[in-house]
Amino acid sequence: MAVPTTLGIGESWYHATAHDRPATQPLAGHLHADVVVIGGGFTGMAAALALAEAGRAVVLLEAGEIGGAASGRNGGQLIAGLRWDASDLTKSFGMEQGRALFNLALSALDRVRDRIARHAIACDYRAGQFYAAARPDHFPHMIKEAAYLRDTMGYTSVDVIEPGEVPRIVNSTAYHGGLFDRNGGHFHPLNYLLGLAHAAVQAGAVLHTDSPAHDVRTQSGKVIVTTATGSVTAGHAVLACDSGMGSIRPDLARYAMPVMNYNIATEPLGQAGAGALIPANAAISDSRFVLDYYRLSADHRLIFGGGEKYSPTPPSDIAAFVRRHMIRAFPQLADVRIDYGWGGAVGLSLNRLPVVGREANIFYAHGFSGHGAALTTLMGELMAEAVLGDSPRFDLFAALRHRPFPGGPLLRHPLYVAGMLYYALRDRL
């Protein structure tokens, strides 16, 4: 599949309510740095900030504007852990490694909250995340997993919500119980990213926007990154491109597939109207393979994501494409106006775990598989730690083995689409 030339489509509510961006300009000329970071989303900005705080000279190159891709266009859901259940992690990797992966992934939420507090980032953070059973037969597994989290992993933030209790969390008849995680939450992702960007500049990082990297190579122990208007020579490089990895490293891009997700924001519903939909003001996601995910905004809109499209070509009407999923959860919103509709690419790995690694002095992390709002801050900081010589936590994720999507350049996308359509069909059976 060709990497979409535009990883963001449509006007988002996030961009309409964004704080000021730091002053940046395209790269011009030839610079030297300790570290060059490619990608100005959560991952790259977290890495640049941590490295600048450690006294390293950092140059960050962003192909477009800060927040123009997934980090400024996602659902804003802060979900604990990884895409795998904790029980599956320990079953597949053993108790010691599985527990270590789970606990390190959990720390992502603390890192996000720490950055928000440390830099006074106004990003509408709210606690609480509800994982809703979309079918009755999904709920027993949730009960079992909650017990495993509590009794084996020592994670006590999750409460089982019986089917009859669902309305106190979300006022929808579409669900059959679920798990409420007091440790999860939601936020305004673009304003969080802009807060990181301002902090990175204050710490000494140099940010260049509208500066897509055309080539990354090593020479005499240095990394040289070139753009159309300049170059950066550095001792280390951090590749933080996620769905844009194919533009500079097609070999690494084989391990993650970009999938387009779409979101809408309703008209303001008023405090009472919004509260009637989600009394807990929590982030909501369901147990379908092609899931619905949504939350309330600070100005009392419903921000709703639903459906996936396996082509970079967007629907002719994003609002209509997503509205039918919203109405399935909230029939009472059939006549509500949709003010914004937008889309962005999500990088999915084959096993749904992040693809992390290093090649000499080049570090990379991508394929966050829908959990990127929290995991990206963690991975950016872990890459920074590894650049600074403290790599055990980075190595824990780098040790995970990944397979590329099968089929080669011509068949990879058709085979992937066939598999996704099969699982999407199972949602409807």
Side-chain angles (χ1 to χ4, degrees), residues 74-114 116 125-172 174-187 277-289 291-296 305 329 352-354 368-378 396:
N74 62 77
Q77 301 216 359
L78 295 165
I79 301 174
L82 300 160
R83 279 292 294 268
W84 288 29
D85 288 342
S87 57
D88 290 330
L89 286 173
T90 56
K91 180 179 178 180
S92 296
F93 300 114
M95 184 58 68
E96 181 178 359
Q97 186 181 5
R99 189 190 296 274
L101 286 166
F102 177 78
N103 287 333
L104 186 52
L106 273 185
S107 75
L109 295 171
D110 290 332
R111 289 172 184 253
V112 170
R113 287 188 287 256
D114 175 71
I116 292 171
Y125 173 79
R126 296 290 183 273
Q129 190 267 331
F130 182 57
Y131 182 41
R135 292 171 33 158
D137 57 331
H138 292 176
F139 187 51
H141 174 77
M142 292 181 172
I143 296 174
K144 183 177 179 181
E145 185 65 19
Y148 191 85
L149 287 169
R150 181 188 64 243
D151 300 336
T152 303
M153 308 303 283
Y155 186 62
T156 60
S157 296
V158 171
D159 299 321
V160 173
I161 304 300
E162 297 290 339
E165 299 177 302
V166 169
R168 70 180 176 86
I169 307 295
V170 54
N171 191 14
S172 173
Y175 307 124
H176 308 273
L179 302 180
F180 186 84
D181 190 348
R182 287 169 274 114
N183 190 37
H186 59 96
F187 66 171
L277 291 180
I278 310 177
N281 195 10
I284 313 293
S285 61
D286 68 29
S287 58
R288 292 181 179 87
F289 184 80
L291 75 163
D292 293 339
Y293 54 97
Y294 51 91
R295 64 186 191 86
L296 298 175
R352 300 300 189 266
L353 295 175
F368 297 104
S369 302
H371 274 222
L375 286 177
T376 43
T377 294
L378 169 67
L396 184 64

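Quick caveat: nothing in here was measured; it's all calculated off a predicted structure.
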Donor-acceptor under 3.5 Å (Gln129 side chain, Asn183 main chain):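 Judged by distance alone, no pair lies under 3.5 Å.
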For [X], give me all partners under side-chain contact (heavy atoms from CB on, under 4.5 Å), at least two apart in sequence or on another chain.
X	answer
Asn103	Arg99, Leu106
Asn74	Phe42, Pro189, Ala373
Ser107	Leu104, Arg111, Leu378
Ser87	Asp85, Glu145, Tyr148

Taking every non-hydrogen atom, the tightest pair across [X] and [Y]:
X	Y	answer
Phe93	Trp84	CE1-CZ3, 3.6 Å
Ser287	Ala134	OG-N, 2.8 Å
Ser172	Ala329	OG-O, 2.7 Å
Leu179	Ala146	CD2-CB, 3.8 Å
Phe368	Pro354	CD2-CB, 4.0 Å
Tyr131	Asp286	CE1-O, 3.5 Å

Euclidean distance, [Y] [atom2] relative to [X] [atom1], rounded to 0.5 Å:
X	Y	atom1	atom2	value
Leu396	Leu101	CG	CG	4.0 Å
His371	Leu353	NE2	CG	10.5 Å
Leu149	Asp181	CG	CG	8.5 Å

Partner residues of Asp137 under the salt bridge (Lys or Arg N to Asp or Glu O under 4.0 Å) criterion, sequence neighbours left out: Arg135
Heavy-atom side-chain proximity of Thr90 to Phe102 below 4.5 angstrom: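 With C-beta onward as the side chain, the pair stays apart.
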Phe187 and Val112, any side-chain heavy atoms less than 4.5 Å apart: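 A side-chain contact under 4.5 Å exists here.
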N/O donor to acceptor pairs below 3.5 angstrom from side-chain atoms of residues 159-171, sequence neighbours left out:
unit_1	atom_1	unit_2	atom_2	d
Asp159	OD1	Arg182	NH2	3.3
Asp159	OD2	Arg182	NE	3.0
Glu165	OE1	Glu162	N	2.8
Asn171	ND2	Ala276	O	3.3

Partner of His186 by side chain to side chain contact (heavy atoms under 4.5 Å, CB included), out of Leu78, Ile79, Asn281, Ile284: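 Of all the options given, the one that passes is Asn281.
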Residues Gln97, Ser92; criterion side chain to side chain donor-acceptor pair (under 3.5 Å); working and verdict: CA-CA 9 Å; Gln97 186 181 5; Ser92 296; over 6 Å; no
